[in-house]
Novice: 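I am attaching a structure below and will ask some questions about it afterwards.
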Amino acid sequence: MSKKFYITTPIYYPSASPHLGHAYCTTLCDVIARGKRMRGFDTYFLTGTDEHGEKIEDNAKAKGITPQQFVDGVVKSFSSLWEATKISNDDFIRTTQERHVKTVQRIFSKMLEKGDIYLSSYTGWYCVHEESYWTETQVGPEHLCPECGRPVEKKDEPAYFYACSKYSDWLLDFYAKNPNFITPESRKNEMINTFIKPGLLDLCVSRTSFDWGIPVNEDPKHVVYVWLDALTNYISALGYLQDDDSKFKEFWEDPDCEIVHVVGADITRFHTIYWPMFLHSLGLREPNRVFVHGLLMMKDGKMSKSRGNAISAYPLIERYGVDAVRYYLVAEVPFGSDGTFTPEQFVMRVNQDLANNIGNLLNRTVSMIIKYFDGVIPEYKGSVSPLDGPLHDKCLQTIKDYEALSDELKVTESYEKVMDLVRAANKYIEDSAPWALAKDESKRAELQSVMAHLAEVLFTSGKLLEPIFVTKSEKIFDSLGMSQEERSYENVGKFGLLNGHIINKQAPLFPRLDEQKEIEYIASLMAAPKEKAAA
RNA sequence: GGCUGUGUAGCUCAGUUGGUUAGAGCAGCCGGCUCAUACCCGGUAUGUCGAGGGUUCGACUCCCCCUACAGCCA
């Protein structure tokens, strides 16, 4: 029986079209999912959109269309971005889908019945102009709307609440028993110190002040308010409380399935406090891990449409290819911390890691095999020269490290290991100096061994990089003359696999970029939206 | 204001439980090679390890205080 793995992205709020920041998070998840799948894990990868709420209702009204029409439009821009970035999600959940609506309503009923949800009233500072509530701290001592600056008034409306307080001890105990539940750990301290220790407030889970939401069956003037709706996507997509819940049985109920939610810092609280509680209420298992990823920032701060500093993924993909963009996202920002997008770093990454390192290794190896052995990869005969053994060992060690780091979700580090191997191979060429061996007929066996080793390392590197290189890894395997069956992950590290293969010379894997020119080009992409915003 | 975290070479960062000359990548400089996408390889400089105090035979690593920055505060 193969091991199971379920990974989710946050469900995105389609109030505006997505940018490179959205692509960052989803791409990282995709790389993890593809990596697990490649290694034989029974993997399920979910992404989706969170389509309810007042803001969507307002945006639709402003455009003179229905909320459903509005989200249908924006969601298309998300799914086409996922197509362009080659996201391999197994499903796409939309909270407006019938399957999700039903599950949420049934969950609400269950919790109501159990007494975990109760009717009370929501009190807050209400701004009539913005039609929204603010908290005491948000309105400040002057009691002014933080959005429009108008005076707010204290108002209440009937609302259902989820009784968090009764589970806060359970939650602390859960954290203690599952020390890796929240990554990075500093986020856990934040949650404990700011919310749990001072006493958890019950969570408002319904509203009557707007309509664009899932109606509460028992009390239809209420719609389910944000988190009970949104978080549920992770199980509604699997069929929880639906006719066909086979996926749910497979990827949620099976205790051997590892479940990982990747989230942004802004929604940590909901995923690490309320979500485990909701599940506990329903008598369901909790996820293994909530991974809080960092942000891809711009020089002037957070990337966002409204700030006018967001950069689109499309022109980058079109000009540099999807592999380069994916590689940049994985390599540049260590998964879990923030990073800054700059044209200089983008071009540098592509040139150094892709063109000079792996691309050039392939190119020079292919050329030498053609030149010295008429394009046939020589037979692998173990360690012929003293330089061979260390490269062979490094290759095997890299596979081990790669797998271990991947399983810890140290994505950036795991691929850095592969790049280290590629660097080692380049050094190995330098040290063994095949051009010198070629001039000495008595060194023929050594020369053969060098080529055999390089070919094997190229296959292994290409394979390990395949979750990122959705098109280029195939090119590497093509160059090595490999059949489809030979490209399986099981062959990674199996020296001798490529004996006698016929090499195919191809165009450079990643063309080297003209630094100045490309930096200027990318900078022009970054400037464009700002001008638009100013106009 | 409260809580948490960070501050190490020009840049991005590693530094396990305190222990010999503080590391990597990139940029810089010098040199080598030619199979290769002017690539690749080797060598090399620079650091009061944010400031100050303390514990210790010995602290980047522990304690105190100060400072700058960041995150969170429903």
Side-chain angles (χ1 to χ4, degrees), chain A residues 122-124 133-138 140-141 161-162 164-165 182 184-205 225-227 264-270 272-274 292 294-295 297 301-302 331-334 336-340 342 344-345 347-373 387 410 412-413 416-417 419-420 422-439 447 450-451 454 458 479 503 505-515:
Chain A
Y122 179 85
T123 309
Y133 282 95
W134 304 102
T135 63
E136 189 76 40
T137 40
Q138 283 171 321
F161 282 82
Y162 177 81
C164 300
S165 35
I182 306 176
E185 199 166 2
S186 58
R187 295 292 175 186
K188 174 158 71 183
N189 299 333
E190 241 169 51
M191 294 304 122
I192 294 176
N193 292 334
T194 349
F195 301 110
I196 305 175
K197 263 195 203 155
L200 222 38
L201 268 44
D202 289 350
L203 180 74
C204 178
V205 292
Y225 183 59
V226 55
W227 291 103
D266 52 335
I267 53 174
T268 308
R269 187 175 109 228
F270 307 103
T272 58
I273 295 179
Y274 306 119
V292 184
L295 292 176
M297 321 253 274
K302 241 183 225 180
E332 190 60 34
V333 184
S337 25
D338 291 344
T340 307
T342 69
E344 291 81 3
Q345 281 168 321
V347 173
M348 216 90 106
R349 278 286 171 196
V350 172
N351 274 350
Q352 283 156 4
D353 291 359
L354 303 184
N356 296 352
N357 199 28
I358 185 139
N360 191 45
L361 178 71
L362 177 67
N363 198 37
R364 64 201 301 212
T365 301
V366 164
S367 297
M368 285 190 284
I369 292 175
I370 289 172
K371 187 165 180 177
Y372 302 139
F373 296 100
L387 294 167
K410 294 185 175 167
T412 306
E413 292 92 326
E416 183 58 30
K417 285 283 175 195
M419 280 303 170
D420 279 345
V422 175
R423 268 186 279 273
N426 272 316
K427 181 170 157 49
Y428 167 79
I429 295 180
E430 207 64 28
D431 293 343
S432 46
W435 50 91
L437 298 175
K439 289 175 186 156
L447 184 60
V450 172
M451 296 307 132
L454 288 174
L458 271 168
S479 292
I503 285 285
K505 175 113 181 171
Q506 302 197 351
L509 204 58
F510 294 97
R512 192 177 163 79
L513 305 179
D514 179 326
E515 222 171 279

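In the text below, chain A, chain B and the rest are named by the order of the sequence lines, each starting its count at 1. Only a predicted model underlies this, so the values are computations on that prediction, with no experimental measurement involved.
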Novice: Taking only residues two or more places apart in sequence, or in another chain, which ones meet A/Asp431 in a salt bridge (Lys or Arg N to Asp or Glu O under 4.0 Å)?
Specialist: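 If we apply the salt bridge (Lys or Arg N to Asp or Glu O under 4.0 Å) test to A/Asp431, skipping adjacent residues, the hits are A/Lys427.
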
Novice: Checking A/Asn357 side chain against A/Gln352 main chain: does a donor-acceptor pair fall under 3.5 Å?
Specialist: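 Absent.
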
Novice: Could you check whether A/Asn356 gets within reach of a base, just the sugar-phosphate, or nothing at all, counting any heavy atom under 4.0 Å?
Specialist: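 Result for A/Asn356 = sugar-phosphate.
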
Novice: Could you spell out the base pairing of RNA chain B in dot-bracket, with Watson-Crick or G-U pairs whose two distances are under 3.5 Å, [ ] crossing and | to another strand?
Specialist: (((((((..((((.....[...)))).(((((.......))))).....(.(((..]....))).)))))))).

Novice: Taking only residues two or more places apart in sequence, or in another chain, which ones meet A/Asp420 in a salt bridge (Lys or Arg N to Asp or Glu O under 4.0 Å)?
Specialist: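 Salt bridge (Lys or Arg N to Asp or Glu O under 4.0 Å) check on A/Asp420 returns A/Arg423.
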
Novice: The criterion is salt bridge (Lys or Arg N to Asp or Glu O under 4.0 Å); which residues satisfy it with A/Arg269, sequence neighbours excluded?
Specialist: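 Expected list: none.
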
Novice: Can you see which heavy atom on A/Tyr274 is nearest to which on A/Cys164, and at what distance?
Specialist: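 Scanning both residues, the minimum pair turns out to be CE2-SG, 3.5 Å.
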
Novice: How is A/Phe510 classified with respect to the nucleic acid when contacts are heavy atoms under 4.0 Å: base, sugar-phosphate, or nothing?
Specialist: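 Base contact - A/Phe510 has a heavy atom under 4.0 Å of at least one base atom.
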
Novice: Describe the nucleic acid contact of A/Gln352 in one word from base, sugar-phosphate, nothing, applying a heavy-atom distance below 4.0 Å.
Specialist: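 Answer is sugar-phosphate: A/Gln352 comes under 4.0 Å of backbone atoms only.
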
Novice: Among A/Leu362, A/Asn363, A/Ile369, find the residue that satisfies the side-chain contact (heavy atoms from CB on, under 4.5 Å) test when tested with A/Thr365.
Specialist: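 Testing A/Thr365 for a side-chain contact (heavy atoms from CB on, under 4.5 Å) against A/Leu362, A/Asn363, A/Ile369 leaves exactly one candidate, A/Ile369.
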
Novice: Describe the nucleic acid contact of A/Tyr133 in one word from base, sugar-phosphate, nothing, applying a heavy-atom distance below 4.0 Å.
Specialist: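 Contact class for A/Tyr133: none.
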
Novice: Assess the residue pair A/Trp227 and A/Phe270 against the criterion (ring pair (Phe, Tyr, Trp, His ring centres under 6.0 Å)); give the C-alpha distance rounded to whole Å, side-chain angles, the decisive distance to 0.1 Å, and a yes or no.
Specialist: CA-CA 7 Å; A/Trp227 291 103; A/Phe270 307 103; 4.0 Å; yes

Novice: Roughly how many Å apart are B/G71 and B/C65, using the P atom of each and rounding to a whole number?
Specialist: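 Straight-line distance between the two P atoms is 24 Å.
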
Novice: For A/Pro511, which contact category applies under a 4.0 Å heavy-atom criterion: base, sugar-phosphate, or nothing?
Specialist: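 Since a base atom lies under 4.0 Å of A/Pro511, the category is base.
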
Novice: Starting at the 5' end of RNA chain B and moving along, which residue's nearest nucleotide shows up first, A/Tyr428 or A/Lys371?
Specialist: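 Upstream on the strand: A/Lys371.
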
Novice: How far, in whole Å, is B/U67 from B/A9 if one measures between their C1' atoms?
Specialist: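 After rounding to an integer number of Å, I get 22 Å for this pair.
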
Novice: What does A/Gly294 touch in the nucleic acid at a heavy-atom separation under 4.0 angstrom: a base, only the sugar-phosphate, or nothing?
Specialist: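 Since no nucleic acid heavy atom lies under 4.0 Å of A/Gly294, the category is nothing.
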
Novice: Quick check: on RNA chain B, is the nucleotide nearest A/Asn426 upstream (toward 5') of the one nearest A/Arg269, or the reverse? Name the residue that is more 5'.
Specialist: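 So the residue in question is A/Asn426.
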
Novice: At the 4.0 Å heavy-atom cut-off to chain A, mark where contacts on RNA chain B begin and end, going 5' to 3'.
Specialist: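 Reading along RNA chain B, I get B/C3 to B/A74.
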
Novice: Does NZ belonging to A/Lys417 count more than 12 external heavy atoms closer than 6.0 Å?
Specialist: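 Not buried by this count: 12 neighbours or fewer within 6.0 Å.
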
Novice: Classify the nucleic acid contact of A/Leu203 as base, sugar-phosphate or nothing, counting any heavy atom under 4.0 Å across all strands shown.
Specialist: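 Since no nucleic acid heavy atom lies under 4.0 Å of A/Leu203, the category is nothing.
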
Novice: Taking only residues two or more places apart in sequence or in another chain, which ones pass salt bridge (Lys or Arg N to Asp or Glu O under 4.0 Å) with A/Glu430?
Specialist: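 Applying salt bridge (Lys or Arg N to Asp or Glu O under 4.0 Å) to A/Glu430 gives A/Arg364.
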
Novice: For B/A14 versus B/G1, give the span between their P atoms, rounded off to a whole number of Å.
Specialist: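 One P to the other, the span is 29 Å.
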
Novice: Are A/Tyr133 and A/Tyr122, when compared by the centres of their aromatic rings, separated by less than 6.0 Å?
Specialist: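 For A/Tyr133 and A/Tyr122, the ring centres are under 6.0 Å apart.
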
Novice: Give me the distance, rounded to whole Å, that separates B/C69 from B/G25 when you measure between the C1' atoms they each carry.
Specialist: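 To the nearest whole Å, 25 Å.
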
Novice: Mind checking the C1' distance from B/A22 to B/A59? Whole angstroms is fine.
Specialist: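 That atom pair is separated by 12 Å.
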
Novice: For nucleotides B/U61 and B/G43, find the distance between their C1' atoms and express it as a whole number of Å.
Specialist: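 That atom pair is separated by 31 Å.
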
Novice: Considering only atom C1', compute the distance from B/U8 to B/U46 and round it to an integer number of Å.
Specialist: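 Their C1' atoms lie roughly 13 Å apart.
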
Novice: Give me the distance, rounded to whole Å, that separates B/U12 from B/U48 when you measure between the C1' atoms they each carry.
Specialist: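 Taking atom C1' in both B/U12 and B/U48, they lie 23 Å apart.
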
